[in-house]
Amino acid sequence: MEQKIHQGRNVKRFREMLGIKQEALAFDLGEEWNQKKISLLEQKDIIEDDLLKAISNALKIPVEAFQNFDEQAAINIIANTITNNDNGAVYNHNPVFQPIDKLMQLHEEKIALYERMLKEKDEMMDRLEKLISK
């Protein structure tokens with residue numbers, strides 16, 4: 001079964017990666033927006049193109065990132081640092097707490113991966129803009 005891309009969840013992921021609160025995004029989108037509407041938006045599978053463009057401008061992230069960020073890739077990244085009941089069989093239920101240094105290293109690796117992914121998206125956007133302008 002093909003994994004469906006959830007645009008609302010992707011908006012939430014990128015917003016959180018950038019350290020932007022729902023209230024701040026609502027402010028950037030205009031007077032008719034508030035935190036509650038952003039919360040509801042982040043639950044939607046598909047977001048209208050014009051709204052996605054507005055969010056893209058507010059977060060300075062290409063529209064394609066919200067449309068194409070693969071759910072499974074995100075799960076793989078997050079699974080390296082988070083444990084929950086969904087993947088409990090994989091984890092030791094008698095955890096040994098890792099030193100702060102190890103947690104910081106994992107956090108830095110995750111940030112580096114996201115930065116690489118965003119850079120690749122930017123490069124793809126540049127190539128697409130060049131193709132369009134020809």
Side-chain angles (χ1 to χ4, degrees):
M1 186 170 124
E2 190 176 323
Q3 190 71 38
K4 186 174 181 181
I5 291 174
H6 191 291
Q7 293 178 359
R9 222 174 280 137
N10 286 343
V11 167
K12 180 177 181 177
R13 278 193 192 96
F14 285 108
R15 177 184 59 72
E16 289 177 343
M17 269 194 315
L18 295 167
I20 296 172
K21 299 227 176 276
Q22 288 178 331
E23 293 86 349
L25 179 56
F27 180 83
D28 287 344
L29 291 179
E31 288 183 19
E32 69 276 9
W33 285 90
N34 57 40
Q35 180 273 324
K36 179 71 174 165
K37 280 183 77 172
I38 296 296
S39 180
L40 292 171
L41 171 88
E42 290 176 350
Q43 295 172 34
K44 292 177 70 174
D45 285 346
I46 304 292
I47 298 171
E48 303 78 28
D49 286 345
D50 57 339
L51 180 52
L52 215 48
K53 286 177 187 156
I55 295 166
S56 169
N57 289 335
L59 297 180
K60 310 283 188 281
I61 289 182
V63 171
E64 290 77 8
F66 305 117
Q67 294 169 329
N68 300 326
F69 190 70
D70 186 275
E71 183 82 17
Q72 194 57 48
I75 290 168
N76 291 341
I77 293 162
I78 293 166
N80 290 327
T81 55
I82 296 177
T83 64
N84 63 31
N85 294 333
D86 294 338
N87 49 21
V90 176
Y91 293 97
N92 179 356
H93 288 283
N94 300 310
V96 175
F97 292 98
Q98 299 174 342
I100 297 286
D101 291 344
K102 181 66 176 169
L103 292 174
M104 289 303 296
Q105 178 189 353
L106 289 171
H107 182 69
E108 288 166 7
E109 289 170 2
K110 186 166 70 169
I111 289 172
L113 178 59
Y114 282 131
E115 287 172 347
R116 268 199 320 276
M117 291 169 69
L118 288 173
K119 184 176 182 229
E120 289 172 13
K121 289 286 184 192
D122 288 342
E123 290 169 357
M124 181 181 74
M125 289 298 296
D126 290 340
R127 289 194 301 272
L128 288 171
E129 285 171 6
K130 286 176 187 169
L131 283 172
I132 291 169
S133 66
K134 285 186 179 178

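Here the structure is a predicted model, which means the values were calculated and not measured. The first residue in the sequence is number 1, and the count goes up from there.
- Using a 4.0 Å cut-off between a side-chain N of Lys or Arg and a carboxylate O of Asp or Glu, Glu123 and Lys119 qualify as a salt bridge.
- Ile61 and Leu51 fall within the same hydrophobic cluster, defined by Ile, Leu, Val, Met, Phe, Trp and Tyr side-chain heavy atoms under 4.5 Å apart, directly or through other members.
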With a 3.5 Å cut-off and sequence neighbours excluded, list the donor-acceptor pairs that the side chains of residues 18-29 form with protein atoms.
from, atom 1, to, atom 2, distance (Å)
Gln22, OE1, Gln35, NE2, 2.5
Gln22, NE2, Glu42, OE1, 3.0

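- Atom CD1 of Ile55 and atom CZ of Phe14 lie 12.5 Å apart (nearest 0.5 Å).
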**Q.** Worked verdict on Phe66 versus Leu59 for side chain to side chain contact (heavy atoms under 4.5 Å, CB included)
**A.** CA-CA 11 Å; Phe66 305 117; Leu59 297 180; 3.9 Å; yes

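- To the nearest 0.5 angstrom, Ile111 atom CD1 is 11.5 Å from Leu118 atom CG.
- We find the NE2-CD1 distance between His6 and Ile46 to be 9.0 Å, quoted to the nearest 0.5 Å.
- Note that CG of Leu41 is 4.0 Å distant from CD1 of Ile47, once rounded to the nearest 0.5 Å.
- More than 12 heavy atoms of other residues, nucleotides or ligands sit less than 6.0 Å from atom CD of Glu32.
- Applying the salt bridge (Lys or Arg N to Asp or Glu O under 4.0 Å) test to pairs two or more places apart or on separate chains, those with a residue in residues 48-60 are Lys44-Glu48.
- Atom CG of Asp122 sits about 10.5 Å away from atom CZ of Arg127, to the nearest 0.5 Å.
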Q: Check step by step if side chain to side chain contact (heavy atoms under 4.5 Å, CB included) holds for Asn68 and Lys121.
A: CA-CA 10 Å; Asn68 300 326; Lys121 289 286 184 192; 3.6 Å; yes

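- Contact annotation: the side chain of Glu129 approaches that of Asp126 to within less than 4.5 Å [non-hydrogen atoms, C-beta and beyond].
- The cluster map of Ile, Leu, Val, Met, Phe, Trp and Tyr, joined by side-chain heavy atoms under 4.5 Å apart, puts Leu113 and Met17 in the same cluster.
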